[in-house]
Amino acid sequence: MARSHGRPVRLTVVLADWCPHCVPLSEKNGKRFARLLRIPYRRLDIDDPEEERQADQLVRDHGDWVEDYLIPQVFLEWSDGTVEHVLTGFSEAVTRTRDAWQHLFGSEWFHRLRGA
Amino acid sequence: VDTSDLAAWRDALVPAQVPCYRHCSTSARVRSFRVGRKNFEVYACPDGVVSLTMVWTDGRSRIPIGDLTRSLEQRTRPPELVVRRDLRTAARHGPELGRAVERRLGARSGPAVPIVYWRVYPARRGRYWARLLACFKHGPDEVRFFRDIPRAGRWRCPYCAETTAQGRRPTRRPAGERLGPT
């Protein structure tokens with residue numbers, strides 16, 4: 001993950017409606033994350049061809065890319081153009097993905113982000 | 001990564017059990033072993049059905065998918081069960097694993113621990129579902145994978161054909177798992 005500069009400008013969640021790690025769990029937490037940082041939230045649905053194209057590009061360039069990649073994947077965009085991969089869903093169990101969101105909100109990293 | 005860091009990562013990355021995936025209501029417990037620098041975590045329920053195999057390294061370097069594919073193929077019969085599409089990657093950072101891990105293991109901008117997940121989805125065989133099974137009778141740090149229809153913990157490991165999940169010779173063939181929603 002690259003060190004970022006500037007300020008956060010948008011949060012993007014790559015997801016699918018049928019994925020229990022994504023909806024409602026990561027959509028809800030992604031919106032909360034964006035709201036707390038006062039930045040826009042964007043969802044990219046891999047079942048929508050145009051959004052899938054954008055999602056593939058984002059994951060290929062900045063995320064955990066393989067042909068059939070894991071979802072959800074969460075990205076934070078910065079004012080200097082940096083894109084930071086924030087989170088990938090945990091295949092082990094939905095509860096692990098839920099815990100990861102909770103850890104993120106409680107992390108020193110996120111507190112620094114809010115104070116920036 | 002020193003040994004204590006490795007233990008901290010393991011505590012954060014490797015749950016002792018996960019829900020059994022689309023098979024039964026029991027938990028799949030982890031069995032761990034190492035191949036070179038790769039840590040293999042195999043989650044299987046008491047029937048031997050594998051929910052997930054997780055592979056991670058302590059070097060924080062990427063896991064070459066080709067090497068991993070060969071490692072899995074050497075332990076899987078038939079080796080064609082190992083398909084690259086079933087290998088999915090994830091990078092894990094400290095903040096998503098809890099504040100204690102975050103403090104111990106450093107800034108978010110630091111290197112992440114790469115993980116590869118291997119999940120083989122159930123396949124229909126007539127009225128039943130064939131699933132990936134694991135046999136752990138091949139040494140303390142070894143596992144063999146194969147696909148079969150789980151029958152209440154009874155199946156034949158193709159590597160040690162005389163045994164079942166409980167280590168007995170099969171005396172009958174109980175009803176297999178009927179087709180159902182997955």
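Just so it is clear, the structure is predicted and the values come from calculations on it, not from any experiment.
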Testing B/Leu52, B/Ile115, B/Val30 one by one against A/Glu92 for a side chain to side chain contact (heavy atoms under 4.5 Å, CB included), which residue passes? B/Leu52
Heavy-atom cut-off 4.5 Å, strictly under: side chain, backbone, both or neither for B/Arg84 against chain A? neither
B/Trp56 with B/Val116, same ILVMFWY side-chain cluster at under 4.5 Å: no
If one checks every heavy atom of A/Trp101 against chain B at 4.5 Å, the contacting part turns out to be neither
Please identify, among A/Val94, A/Thr95, A/Asp64, the residue contributing the most non-hydrogen atom pairs under 4.5 Å to chain B. A/Asp64
If you apply the rule side-chain contact (heavy atoms from CB on, under 4.5 Å), what do you find for A/Ser107 with B/Arg99, and how did you get there? CA-CA 6 Å; A/Ser107 68; B/Arg99 190 169 274 203; 5.7 Å; no
Salt-bridge present (A/Glu67, B/Arg85; N to O < 4.0 Å): yes
Provide the closest heavy-atom pair for A/Leu87 versus B/Glu96 in the form atom of the first, atom of the second, distance. CD1-OE2, 3.8 Å
Derivation of the side-chain contact (heavy atoms from CB on, under 4.5 Å) call for B/Thr89 and A/Trp65: CA-CA 7 Å; B/Thr89 60; A/Trp65 169 260; 6.0 Å; no
Sub-4.5 Å side-chain heavy-atom contact between B/Arg88 and A/Thr88: no
Working to the nearest 0.5 angstrom, can you tell me the gap between B/Trp118 CH2 and A/Ser91 OG? 14.0 Å
Cluster check B/Phe33, B/Phe146: I/L/V/M/F/W/Y, side chain < 4.5 angstrom: no
Tell me, side chain or backbone of A/Phe90 under 4.5 Å from chain B's heavy atoms, or both, or neither? both
Could you give me the CA-CA distance, side-chain angles and deciding distance for B/Glu102 and A/Trp109, then say whether side-chain contact (heavy atoms from CB on, under 4.5 Å) is met? CA-CA 9 Å; B/Glu102 181 186 25; A/Trp109 171 77; 3.4 Å; yes
Between A/Arg96 and B/Val18, is there a donor-acceptor pair closer than 3.5 Å when you use the side chain of the first and the backbone of the second? no
For B/Ile65, is it the side chain, the backbone, both or neither that has a heavy atom under 4.5 Å from a heavy atom of chain A? neither
In the single-linkage hydrophobic clustering (I, L, V, M, F, W, Y; side-chain heavy atoms under 4.5 Å), do B/Tyr21 and B/Ile149 co-cluster? no
Are B/Leu87 and B/Leu132 joined in one hydrophobic group, where the rule is that I, L, V, M, F, W and Y side chains link up if heavy atoms are under 4.5 Å apart? yes
In terms of hydrophobic clusters joined by side-chain contacts under 4.5 Å, are B/Leu97 and A/Leu113 together? yes
